[in-house]
Protein chains: 2
Amino acid sequence: MRPKHNTLTPQELEIMKLVWQRGAATVRDVYEVLLQRRKIAYTTVMTMMKILETKGYLKKRRQDRAFLYRPAHPKSQIIGGMIREFIDRVFNGSVEPLLVHLVKSRHLNEKDLQKIVRLVEESE
Amino acid sequence: MRPKHNTLTPQELEIMKLVWQRGAATVRDVYEVLLQRRKIAYTTVMTMMKILETKGYLKKRRQDRAFLYRPAHPKSQIIGGMIREFIDRVFNGSVEPLLVHLVKSRHLNEKDLQKIVRLVEESE
DNA sequence: TTTTTAGTACTAATTAATTAGTATGTCAAG
DNA sequence: CTTGACATACTAATTAATTAGTACTAAAAA
């Protein structure tokens, strides 16, 4: 059975990336990184992380005074869901047109292709 | 120079797909197709197509009483922009992790790979 | 000619996503 | 003990996306 749409909004994704990278993070951890990228309030980050928890992307437990957030699911699963959603939405579910585009736009060249050929060989 | 972010919202994309398919379409054409998929008002479709025109995705000219809308840019260019945006947002711009995911999740198999190998050979 | 139909223009309500303010509590430093 | 730093909870404003209503116009049908 096909798993339920698993898709993060852009800002949610930005935060999840940081949490995945670190394994676990507090609001402050995330806030400090985001602040270097753009103007943002501490409470904004807090709200977003609470939303991510509500939606089931993050789990929290108290560490000292603050909450420590961890991913509730492996990154690969969530990213996989996003790829699936993208392919469904843009290409009605078929991968091939995506690959054709990648090749034609030169995002995918001989070298990349070699890597992936090896990957498929390994995984079969 | 990297072209500006070219990205359609889900509903915009749904409409653009229909216009691309037909080459040109009136509000009514699109409305009738969408109505079979879900409950939607004629004026909703009209508003969306007007927005798409404002954003530069569609051009219109009058045909009899109604406007006939045509794509302002080739589909490949717009879809290419969406792929680029997705890869930037999800994979910080590198294609490889996308391919790795596709292979591991079995969305991409030996057969797909053969096709694309041939494509790359042709395009080089 | 009157009425109906099909279309547009303009306006606005609703929902989701994003952002952030205010009140409050607690711990630690002075 | 009081003050400041830091955290959460709760509330709310803003913006973008989506949806649709109402008024009006022109053509077609009766």
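A, B, ... follow the sequence lines: proteins, then strands. Residue 1 opens every chain.
Looking at heavy-atom distances under 4.0 Å, Thr9(B) makes contact with sugar-phosphate atoms alone, never a base. Within the 4.0 angstrom heavy-atom criterion, base atoms lie near Thr44(A). At the heavy-atom level, Tyr42(A) lies under 4.0 Å from base atoms of the strands shown. Residue contacts for Thr47(B): at a heavy-atom cut-off of 4.0 Å it reaches a base atom on one of the strands shown.
Looking only at side-chain heavy atoms (C-beta outward), Val27(A) and Phe67(A) stay at 4.5 Å or farther from each other.
The residues Glu96(A) and Lys111(B) are annotated as not salt-bridged, no charged nitrogen and carboxylate oxygen being separated by less than 4.0 angstrom.
The nearest heavy atom of DNA chain D to Ala66(A) and to Arg38(B) marks one nucleotide each, and the one closer to the 5' end goes with Ala66(A). In terms of position on DNA chain C, the residue among Arg62(B) and Met48(A) whose nearest nucleotide sits closer to the 5' end is Arg62(B). Map Arg65(A) and Thr43(A) each onto its nearest nucleotide of DNA chain C; the residue landing nearer the 5' end is Thr43(A).
In this structure, Ile40(A) places its CD1 atom 18 Å from P of dT14(D), rounding to the nearest Å. Following rounding to the nearest Å, Leu35(B) (CG) and dT19(D) (C1') show an atom-to-atom distance of 14 Å. Distance CG (Leu13(A)) to P (dA17(C)): 14 Å, rounded to an integer number of Å. If you measure from atom CD1 of Ile51(B) to atom C1' of dA20(D), you get 12 Å, rounded to the nearest angstrom. One atom, CG of Leu52(A), and another, P of dT18(C), lie 10 Å apart when rounded to the nearest Å. Following rounding to the nearest Å, Gln11(B) (CD) and dT15(C) (P) show an atom-to-atom distance of 15 Å. As a whole-Å value, the separation of Met46(A) CE from dA12(D) P is 16 Å. Taking atom NZ of residue Lys50(A) and atom C1' of nucleotide dT11(D), one finds them 10 Å apart after rounding to whole Å.
OP1 or OP2 of dG7(C) lies within a sub-4.0 Å distance of a side-chain N or O belonging to Arg28(B). Contact annotation: Lys39(B) side-chain N/O to dA20(D) OP1/OP2 distance is under 4.0 Å.
Across dC10(C), dA20(C), dT8(D), the shortest atom-to-atom separation from the side chain of Ala41(A) is found for dA20(C).
Considering CD of Gln77(A) and CE of Met82(A), their distance stands at 13.5 Å, rounded to 0.5 Å.
Judged by distance alone, the side chain of Arg84(B) and the main-chain N or O of Gly80(B) form no donor-acceptor pair under 3.5 Å. Remark: the backbone N or O of Met46(A) is not paired with any side-chain donor or acceptor of Thr43(A) at under 3.5 angstrom.
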